[in-house]
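The figures here come from the full heavy-atom set of this structure, side chains too, leaving out hydrogens, waters and symmetry mates. First listed ligand is number 1; within each ligand, the first listed atom is number 1.
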Amino acid sequence: MVNHPFLSLNAGIDMPQVGLGVWKTPPEKTTSIVRYALNAGYLAVDTASIYGNEEGVGEALVDRPEIFLTTKLWNADQGFDSTLRAFEESARKLRRDVIDLYLIHWPVPKKHLYVETWRAMIRLRDEGRVRAIGVSNFTAEQITALIAETGTTPAINQIELHPEFQQHSLRDFHKQHGILTEAWSPLGQGQTLSNPVIEAIAKKHERTAAQIIIRWHIQNQFVVIPKSVTPSRLDENLAVFDFRLDGEDMAAIGRLDRANGRIGPDPMTADF
Ligand code: NAD
């Protein structure tokens, strides 16, 4: 593998820029898929308590403490004490005393618990149980509230981000505050792969559509966590460090942004 890039978190640690996402990876297949990915050269895994596969991830990583591991606190566990309890449960399933990155999965503004939850995340970091803490699906206003209430800025915000939904204003806010942007559903859940602009760029570079999109994320300095359960695609999605998109390619993909390009739930109204 050529030069796997890392990005620096404000917590003073580095994280691999490309990781394996395991949402919808069936629990009984998770260990073998994650093991395959590690052998292929993946250095990071993104899971969540709600994915139901933390045990499978933990099993695959048992001899690989150097692999950068992210998990997320589920909405039902928001609140100070319940966050501390949920963390212990995740750490047990993942078989790690220390988790690299712990995220609040969704803000769920209706619950009014995300600031209290953030205080528990800070406690976990101060106690050395997590190396870095962050959020997912938060707006600029919600992050501003966390900073104002606690003085602690999230290291990262993991958000829906792909060529058809580019989140420019939130990315600008992250940049101003030294927060990394992490892209979920980076391939638009597979839908963006058949976009003719992406296909044309793929042809030009003799690469696949998935590789072009992952490369676009990398060159934008996002952390990117494409998901696949297919070995050949896991290999393909990591073979992205030996070519570059040029300015014209980046501009053409930039023009694919659509105001209504969101695929997943809107974080302002999601209250599952
Ligand atoms: P994705 O954009 O990574 O797309 C995955 C799908 O694309 C696969 O199921 C497969 O159908 C297809 N695919 C992948 N590689 C391919 C290839 N090389 N060729 C052809 N098709 C390919 O979608 P995702 O799984 O929604 O997102 C990735 C990860 O982001 C998740 O696994 C999860 O870890 C994370 N995520 C987080 C949140 C959140 O709320 N924080 C929400 C959704 C996803």
Side-chain angles (χ1 to χ4, degrees), residues 15-27 29-30 33-34 36-37 40 42 44-54 56-57 68-75 78 90 94 100-108 114 133-139 142 154 156-167 170 180-195 198-199 202 207-218 222-240 256 261-272:
M15 94 178 265
Q17 202 177 351
V18 180
L20 172 68
V22 296
W23 179 39
K24 291 188 184 161
T25 299
K29 290 190 186 158
T30 300
I33 289 163
V34 174
Y36 181 91
Y42 283 78
V45 179
D46 180 272
T47 185
S49 107
I50 195 68
Y51 299 169
N53 55 21
E54 286 179 312
V57 171
F68 191 99
L69 178 56
T70 301
T71 194
K72 313 185 193 86
L73 174 90
W74 186 239
N75 304 343
Q78 283 204 21
S90 283
L94 291 163
D100 296 296
L101 178 63
Y102 198 34
L103 307 180
I104 303 179
H105 206 147
W106 293 87
V108 205
Y114 61 81
I133 50 177
V135 294
S136 178
N137 301 303
F138 273 53
T139 63
Q142 289 159 348
I156 203 162
N157 188 14
Q158 184 183 116
I159 54 173
E160 179 176 346
L161 175 52
H162 41 80
E164 291 171 281
F165 193 62
Q166 298 189 17
Q167 300 257 35
L170 193 48
L180 283 188
T181 299
E182 179 167 20
W184 66 251
S185 294
L187 306 173
Q189 297 181 12
Q191 295 173 32
T192 315
L193 296 168
S194 54
N195 184 289
I198 302 289
E199 282 181 337
R207 295 285 175 155
T208 68
Q211 290 173 327
I212 298 301
I213 298 174
I214 294 166
R215 196 63 226 172
W216 175 81
H217 287 282
I218 292 173
F222 308 145
V223 176
V224 55
I225 46 172
K227 177 249 178 183
S228 179
V229 295
T230 310
S232 59
R233 288 177 174 175
L234 289 167
D235 291 340
E236 178 185 324
N237 293 350
L238 200 62
V240 289
L256 299 179
R262 190 193 291 283
I263 300 171
D266 183 336
M268 284 310 284
T269 49
D271 64 348
F272 34 68

**Request:** Not counting sequence neighbours, list each pair that qualifies as a side chain to side chain donor-acceptor pair (under 3.5 Å) and has a residue in residues 225-235.
**Result:** Tyr36-Asp235
**Request:** Can you sort out the partners of Glu54 under side chain to side chain donor-acceptor pair (under 3.5 Å), two or more places apart, ordered by chain and number?
**Result:** Thr71, Ser90
**Partners passing ring-ring contact (aromatic ring centres under 6.0 Å, His included) against Phe222 (at least two apart in sequence or in another chain)** = Trp216, His217
**Message:** Could you tell me if Thr47 and Asn53 have a donor-acceptor pair between their side chains, going purely by distance under 3.5 Å?
**Reply:** yes
**Message:** Less than 3.5 Å apart, any donor N or O on the side chain of Gln158 or Asp46 sitting next to an acceptor on the other?
**Reply:** yes
**Asked** Who are the residue neighbours of ligand 1 when the rule is a heavy atom under 4.0 Å from any of its atoms?
**Response** Gly21, Val22, Trp23, Asp46, Tyr51, Lys72, His105, Trp106, Ser136, Asn137, Gln158, Trp184, Ser185, Pro186, Leu187, Gly188, Gln189, Gly190, Leu193, Ala210, Ile225, Pro226, Lys227, Arg233, Glu236, Asn237
**Item:** Exercise: do Tyr51 and Lys24 side chains pair donor with acceptor under 3.5 Å
**Value:** no
